[in-house]
Amino acid sequence: MRIKETNSTTTMKAILVLFLLPLQLFSQDLSGIWVGTIATSQIQMPFELAINQDMTGYSMITFMFKGAEKVAVKKITLIRKDSIFTISDDKLIYNNFTTRSRSIKTFCELSIKMVDTIMVLSGPFHTRTRDLRAGEEDLSTGTITVQKQNRRAQTRLINKLDSLKLSNNLAFLNPKPIVKENPVVAVSEKGATSVAEDPVKDLTAVKVQQQVDFEKGKNEPYNQKIIGAAAEVALRKTEVIRTIDFKSDSLTLVLYDNGIVDGDTVSVLLNGEVIIPKQGLTEQAYRKVIKIPSGLGDSLQLVIYAENLGSIPPNSGLLIIEDGSERHEIGFEGDMKKSSAVKLIRKR
């Protein structure tokens, strides 16, 4: 009788373990930082996730291309169905590609498990183009494996979100403070009192003002734009990022935002003279043909000056220079301290 009871107890414990283990896993908080890899049959690349409790977040992939490190950051959305978490990216918010990237959407179905004491998400993924004309054929397939990290881990994704001013969107990094109805009163050394500023309202006001300035800039008369364009170009460092040989008497300049459109505005100068004043960067290419008279000499400098930082610093975009049948694509970045420049050498 005792033997039967012992066997029955053992069986019951085994059943409880089998049933309770999944419940414990699925009740775990997925929010936090996840680090691992994304792999195809040909390559394995670093991959990171930052997941909020509301099942939104960000992903980052890093890879090497022609000896240079490339990075892409996307917004993501998660949906849970039974034991599977489906993750799809919403939109690209940052990349450092030098050419216009294809619009690709990634889908993955990850399951959760415990490896020792570490939570692991793993499963297959596939990618498809957002261009409906291209059909439903998968562009790439493979697997994703990521491990949950300490919530305060300073991973490359967190550092990049910090630089993009987006880490405040991660609730697990920024617990909500207790809201008080009465304003906080600050006392100065002289005894005078003043109401402390609300940093959230201040930040919102700055963003609104930037957008107003951007919209206003689009409607200003052309001569007014030139007067205020590149006002502090002499105070900023100029970094030559490319040297290009040209042979035509005129060049076509093409400008657009090759990432997320966030209100970036630039001015372009040729040998110190403004030739494109306060141009907003969008997905639609802005084109301008410039004549290069012989009187300018055989060595010229084209400067891209950041008029603002947009809502996601730094100011960045893609410049295309068309010289007859030749085409040069140049990714540029700028801020309030530095401008990017292209050196133009006339071929005789």
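Note that the numbering runs from 1 along the sequence shown for the chain.
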Can you establish whether the number of heavy atoms outside Ile79 located under 6.0 Å from its atom CD1 is more than 12? no
* Asked: So with a 6.0 Å cut-off around CG of Asn159, is the heavy-atom count from everything else above 12?
  -> yes
Just by distance, do the side chain of [X] and the backbone of [Y] share a donor-acceptor pair under 3.5 Å?
| X | Y | answer |
| --- | --- | --- |
| Thr40 | Ile43 | yes |
| Glu307 | Ala230 | yes |
| Asp335 | Pro313 | no |
| Asn315 | Thr265 | yes |
| Asp323 | Ser248 | yes |

Should [X] and [Y] count as side-chain neighbours, where that means a heavy-atom distance under 4.5 Å?
| X | Y | answer |
| --- | --- | --- |
| Phe47 | Ser59 | yes |
| Ile345 | Asp298 | no |
| Glu48 | Arg156 | yes |
| Thr282 | Tyr256 | no |
| Leu302 | Leu319 | yes |
| Met114 | Met119 | yes |
| Glu69 | Thr62 | yes |
| Ile244 | Ile321 | yes |

- Indicate yes or no: does Glu109 engage Lys81 in a salt bridge with an N to O separation below 4.0 Å. no
- prompt: Is Lys338 salt-bridged to Glu333, cutoff N-O under 4.0 Å?
  reply: no
* To do: Report the C-alpha distance between Glu239 and Ser340 in whole Å, list the side-chain angles of each, state the deciding distance to 0.1 Å, and finish with yes or no for side-chain hydrogen bond (donor to acceptor under 3.5 Å, both in side chains).
  => CA-CA 5 Å; Glu239 178 184 357; Ser340 294; 5.6 Å; no
* Asked: Cation-pi between Lys160 and Tyr94: NZ/CZ under 6.0 Å from ring centre and within 45° of the ring axis?
  -> yes
Check your understanding: Centre of Phe246's six-membered ring, under 6.0 Å away, within 45 degrees of the axis: is that where NZ or CZ of Arg346 sits?
Key -> no
Roughly how far, to the nearest 0.5 Å, is the [atom2] atom of [Y] from the [atom1] atom of [X]?
| X | Y | atom1 | atom2 | answer |
| --- | --- | --- | --- | --- |
| Glu326 | His328 | CD | NE2 | 5.0 Å |
| Leu270 | Leu300 | CG | CG | 5.5 Å |
| Ile330 | Leu253 | CD1 | CG | 9.0 Å |

Would you call the rings of Phe107 and His126 parallel, tilted or perpendicular, where under 30° means parallel and over 60° means perpendicular? parallel
Between the side chains of Ser167 and Asp162, is a donor N or O closer than 3.5 angstrom to an acceptor N or O?
yes
**Prompt:** Have Ser31 and Asn52 got a donor and an acceptor in their side chains that come within less than 3.5 Å?
**Reply:** no
### Message
Go through it in stages, so that I can follow the logic: the residues are Lys288 and Leu255, the test is side chain to side chain contact (heavy atoms under 4.5 Å, CB included), and I'd like the CA-CA distance, side-chain angles, deciding distance and then a yes or no.
### Response
CA-CA 9 Å; Lys288 182 178 179 67; Leu255 285 166; over 6 Å; no
**Request:** May I have the step-by-step check of side chain to side chain contact (heavy atoms under 4.5 Å, CB included) for Ile33 and Leu49, ending in yes or no?
**Result:** CA-CA 6 Å; Ile33 306 161; Leu49 297 172; over 6 Å; no
Nearest heavy-atom approach of Val254 to Ala285 is CG1-CB, 3.6 Å
- Are Val342 and Thr243 close enough, and set up right, to give a side chain to side chain contact (heavy atoms under 4.5 Å, CB included), and what steps lead you there? CA-CA 6 Å; Val342 178; Thr243 298; over 6 Å; no
